[in-house]
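Notes to accompany the following structure.
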Amino acid sequence: AYIDNDALVVLNAAIEGDKVSDLLAENITSDYADMFGIDRNEFNIYTGILIDAIESIDGDLMIALNDLYGGYYGISSAELMAAMSVKDDYIISTIGQFGTGFLTQVGNNKYNIRMQGQSINLGQIDDTFYATMNMDYTESVASAKTAPWVNDVEKSYGYLVLNVDDAMQ
């Protein structure tokens, strides 16, 4: 994943999408639709899409907070990214299919949403799906591959890094 070497927070989790989607499929029933007051058919359609999307995940999910920007009332903006290994293009193609009207396609398998001064990018490069806020996934200042903690992340089921030194500046 393309994460700044000096990111403020990095969270990594190993996810086996097949196992998680099987667990959800067994336990999410249309009875939940009644509980939330949602039409059962719509509920089944949306949970099916969600379960299929989770099944596409094949490995690491990494979330990073690269930077925070202050404003008059506190935090006004942030650079945030998430990247996950996927085994197919189901997630990005579904986003493209259902995102008509509020997404702008800016490239092959690349979409942008602008709202309230923030820019959210969604896309897929090879077997990596990504979502970023106020940053371009393909342009990183310094890749996390050179960070001192990267070897620990690659050997774990879950990992959290807090960069206290940079966060306090």
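Just so we're clear, the structure is a prediction, and the values are computed from it rather than from any experiment. Throughout, residue positions are numbered sequentially from 1 according to the sequence presented.
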Please identify each residue that fulfils side chain to side chain donor-acceptor pair (under 3.5 Å) with [X], with sequence neighbours left out.
X     : value
Asp88 : Ser56
Thr29 : none
Glu16 : Lys19

Would you confirm whether Asn121, through its side chain, and Asn112, through its main-chain N or O, come within 3.5 Å as a donor-acceptor pair?
->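 No, because the side chain of Asn121 does not come within donor-acceptor range (under 3.5 Å) of the backbone of Asn112.
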Look up atom [atom1] in [X] and atom [atom2] in [Y], then write down how far apart they are to the nearest 0.5 Å.
X      : Y      : atom1 : atom2 : value
Tyr90  : Glu55  : OH    : CD    : 9.5 Å
Leu8   : Asn66  : CG    : CG    : 7.5 Å
Ile63  : Met81  : CD1   : CE    : 9.5 Å
Leu61  : Asp58  : CG    : CG    : 12.5 Å
Gln118 : Ile120 : CD    : CD1   : 7.5 Å

Please identify each residue that fulfils salt bridge (Lys or Arg N to Asp or Glu O under 4.0 Å) with Asp18, with sequence neighbours left out.
-> Lys87
Please tell me whether [X] and [Y] are part of a single hydrophobic cluster in this structure, the criterion being side-chain heavy atoms less than 4.5 Å apart.
X      : Y      : value
Val20  : Ile28  : yes
Met84  : Leu24  : yes
Met115 : Val106 : no

Taking side chain to side chain contact (heavy atoms under 4.5 Å, CB included) as the test, write out the residues that go with Met35, two or more places apart.
->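 Checked Met35 against side chain to side chain contact (heavy atoms under 4.5 Å, CB included); matches are Tyr32.
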Check side chain to side chain contact (heavy atoms under 4.5 Å, CB included) between Ile92 and all other residues, then give those that pass, not counting sequence neighbours.
->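 Side chain to side chain contact (heavy atoms under 4.5 Å, CB included) list for Ile92, sorted by chain: Asp89, Asn109, Tyr111, Gln124, Phe129.
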Closest non-hydrogen atom pair between [X] and [Y], with its separation:
X      : Y      : answer
Ala64  : Val10  : CB-CG2, 4.1 Å
Asn134 : Gly117 : OD1-O, 4.3 Å
Thr128 : Ala83  : CG2-CB, 4.0 Å

Donor-acceptor pairs are to be reported for all side-chain atoms of residues 41-54 against protein atoms at under 3.5 Å, with residues two or more places apart or in another chain.
unit_1, atom_1, unit_2, atom_2, d
Asn44, ND2, Arg40, O, 3.2
Thr47, OG1, Phe43, O, 2.9
Thr47, OG1, Asn44, O, 3.3

Show your working on side-chain contact (heavy atoms from CB on, under 4.5 Å) between Met62 and Leu11 and close with a plain yes or no.
-> CA-CA 6 Å; Met62 189 170 281; Leu11 173 66; over 6 Å; no
Not counting sequence neighbours, list each pair that qualifies as a salt bridge (Lys or Arg N to Asp or Glu O under 4.0 Å) and has a residue in residues 113-133.
->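 Sorted result for residues 113-133: empty, none.
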